[in-house]
Amino acid sequence: MVIGFQVSQALHVAAALGISDLLDTDPHTVADLAAATSTHEPTLARLMRALEGVGVYDQGVDGRFSNTELGDLLRSGVPGSMAGWAAFIGRPPYWQAWSGLLDSVRTGENAFAAVHGTPVWGYRRQRPAEQEAFDRAMTSNSSGVAKAVVEAYDFGRFSTVVDVGGGVGALLAAVLAHDPAVHGVLYDQPEVVAAAGPIFEQAGVGDRYEKVAGTFFDSVPAGADAYVLKAIIHDWPDAESIAILRRCREAMLDDAVVLLVEQLLGEGTDPVHTAFSDLNMLVGPGGKERTLDEYRDLLESAGLTLTGATDTGTQVFVIEARPQQSSSR
């Protein structure tokens with residue numbers, strides 16, 4: 001456990017180099033891999049040996065390496081791919097922020113802002129390469145649970161679904177592919193939605209969605225049946241979370257729903273994962289994972305009533321809320 005950071009950094013390097021993609025169809029020697037990745041062959045051999053030791057790659061009697069089942073998860077574009085996330089978590093800004101965990105525990109303050117002198121959102125806006133790496137990581141994470149979410153929750157009863165802060169659209173594309181009668185609206189910052197498109201085309205739903213640019217602190221598109229926020233509210237402290245939810249409430253018709261796709265502390269298939277995700281929220285964006293009761297309180301403060309939580313069979317739940325009928329719009 002103490003040296004776990006060494007494994008994660010080795011996985012980061014393999015993902016950044018695209019080693020598993022190179023091993024997709026045929027085994028390769030270290031010399032082949034070094035030539036393809038422009039790396040130092042003897043040093044790459046050391047990396048491959050270490051990752052073989054933890055079960056990511058397998059070396060045959062002929063010296064050539066191949067993917068194991070774990071190694072396949074570092075391929076890009078495959079179901080459950082961790083490639084985007086692994087490539088992101090070893091980048092210096094993310095890595096360095098975790099060095100501030102001790103001070104965060106002492107003070108309760110956000111580690112990223114303390115280490116880098118600015119909150120994570122502004123930091124990435126000023127550094128397009130970091131924003132791009134983050135977007136790939138979020139797409140990787142969304143793709144890993146999208147199938148379970150759309151199979152567990154009935155999106156087919158809605159005419160229009162707005163994915164609020166939906167990135168490049170991994171979850172929304174899965175919704176539209178699963179339920180052919182649904183129209184989608186992808187809502188995110190201008191530079192984010194500008195990069196959307198390939199996921200929808202690949203899913204065969206490019207004609208059933210539209211892009212809308214904006215910020216959810218100002219407004220969200222009005223009049224839809226459902227507003228989905230996947231891994232959005234956990235990024236923010238309570239005051240900002242309530243503000244986002246209030247913008248959703250203001251846009252909603254009285255029979256619409258808000259759907260939070262989030263982890264719940266102490267629940268789901270992997271409570272340890274959620275507990276460490278909670279620390280990740282402390283270190284990175286400054287938010288936190290919550291219990292269902294804590295989400296109920298947030299929703300009520302925003303004029304919404306919790307109506308249910310659907311277990312997807314993964315670490316995430318679909319938390320449903322409707323407008324409080326007595327609240328003013």
Side-chain angles (χ1 to χ4, degrees), residues 8 11-12 14-16 20-21 70 72-91 93-95 97-98 112 120-121 124 130-153 163-175 177-178 186-189 192-193 195-196 198-200 202-203 228-236 259-265 267-290 310-319:
S8 66
L11 292 170
H12 158 72
S20 288
D21 285 333
L70 286 177
D72 277 332
L73 292 176
L74 288 184
R75 290 164 52 205
S76 56
V78 299
S81 172
M82 295 293 293
W85 182 243
F88 170 71
I89 60 94
R91 295 177 69 85
Y94 180 93
W95 186 254
W98 273 87
F112 192 100
V120 68
W121 310 110
R124 291 194 190 115
E130 297 303 326
Q131 184 65 53
E132 182 181 357
F134 174 74
D135 290 340
R136 287 199 306 271
M138 294 303 99
T139 298
S140 181
N141 286 352
S142 292
S143 298
V145 299
K147 184 174 184 292
V149 169
V150 300
E151 290 181 351
Y153 187 87
D163 193 350
V164 179
V168 296
L171 178 58
L172 183 59
V175 170
H178 188 269
L186 182 66
Y187 182 69
D188 211 314
Q189 298 178 81
V192 178
V193 296
I199 287 178
F200 293 94
Q202 184 179 6
V228 179
L229 297 90
K230 182 195 174 295
I232 299 297
I233 299 302
H234 79 160
D235 283 339
W236 299 95
L259 304 172
L260 310 182
V261 182
E262 296 281 5
Q263 301 178 61
L264 293 175
L265 285 170
E267 301 187 45
T269 57
D270 192 350
V272 174
H273 178 281
T274 303
F276 274 88
S277 181
D278 186 37
L279 287 184
N280 190 45
M281 294 303 102
L282 170 67
V283 168
K288 60 183 178 179
E289 304 296 353
R290 295 174 170 91
T310 300
D311 189 341
T312 69
T314 69
Q315 69 268 26
V316 301
F317 293 75
V318 181
I319 303 166

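These values consider heavy atoms only, across backbone and side chains, with no hydrogens, waters or symmetry-generated copies.
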Between W236 and K288, is a side chain to side chain contact (heavy atoms under 4.5 Å, CB included) present by the stated rule, with each step listed? CA-CA 7 Å; W236 299 95; K288 60 183 178 179; over 6 Å; no

Trace of the side chain to side chain contact (heavy atoms under 4.5 Å, CB included) decision for F200 with L186: CA-CA 11 Å; F200 293 94; L186 182 66; 4.0 Å; yes

Please assess I232 against V164 for the test side chain to side chain contact (heavy atoms under 4.5 Å, CB included), listing each intermediate value before the final yes or no. CA-CA 8 Å; I232 299 297; V164 179; 5.8 Å; no

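Atom OG1 of residue T314 and atom NE2 of residue H273 lie 9.5 Å apart, to the nearest 0.5 angstrom. The OG1 atom of T139 sits 4.5 Å away from the CD1 atom of I199 when rounded to the nearest 0.5 Å. Between H234 atom NE2 and M281 atom CE the span is 4.0 Å, to the nearest 0.5 Å. Distance check, rounded to the nearest 0.5 Å: CE of M82 to OG of S140 gives 6.0 Å. Of the inter-residue distances, the one linking L172 atom CG with Y187 atom OH reads 15.0 Å to the nearest 0.5 angstrom. Once rounded to the nearest 0.5 Å, the distance linking NE2 of H178 with OH of Y153 reads 13.5 Å.
Looking at every heavy atom in both residues, G313 comes nearest to T269 through O-CG2, 3.1 Å. Looking at every heavy atom in both residues, L74 comes nearest to A86 through CD2-CB, 3.8 Å. Counting all heavy atoms, side chain and backbone alike, A170 lies closest to S142 at CB-CB, 3.8 Å. F317 and D311 get closest at one heavy-atom pair: CD2-CA, 3.6 Å. Residue A137 comes nearest to W85 through the heavy atom pair CB-CE3, 3.6 Å, listed as atom of the first residue, atom of the second, then distance. Considering all non-hydrogen atoms of both residues, F112 and G284 come closest at CB-O, 3.4 Å.
No side-chain heavy atom of D72 sits under 4.5 Å from any side-chain heavy atom of V78. Using a 4.5 Å heavy-atom cutoff, the side chains of P285 and W121 are in contact. Counting heavy atoms from C-beta on, the side chains of V145 and K230 come closer than 4.5 Å. Side-chain contact between L264 and T274: absent, with no pair of heavy atoms (C-beta onward) separated by less than 4.5 Å. In this structure the side chain of I233 reaches within 4.5 angstrom of the side chain of R290, judged on heavy atoms. The side-chain heavy atoms of Y94 and V283, taken from C-beta on, include no pair separated by under 4.5 Å.
Remark: R91 fails to qualify as a cation-pi partner of W95 under the 6.0 Å distance and 45° angle criteria applied to the six-membered ring.
Listed for the D163 side chain is no donor-acceptor partner under 3.5 Å among the backbone atoms of G169.
Counted by atom type alone, E289 and S277 present one or more donor-acceptor pairs between their side chains at under 3.5 Å.
No more than 12 heavy atoms of other residues, nucleotides or ligands sit less than 6.0 Å from atom CD of Q202.
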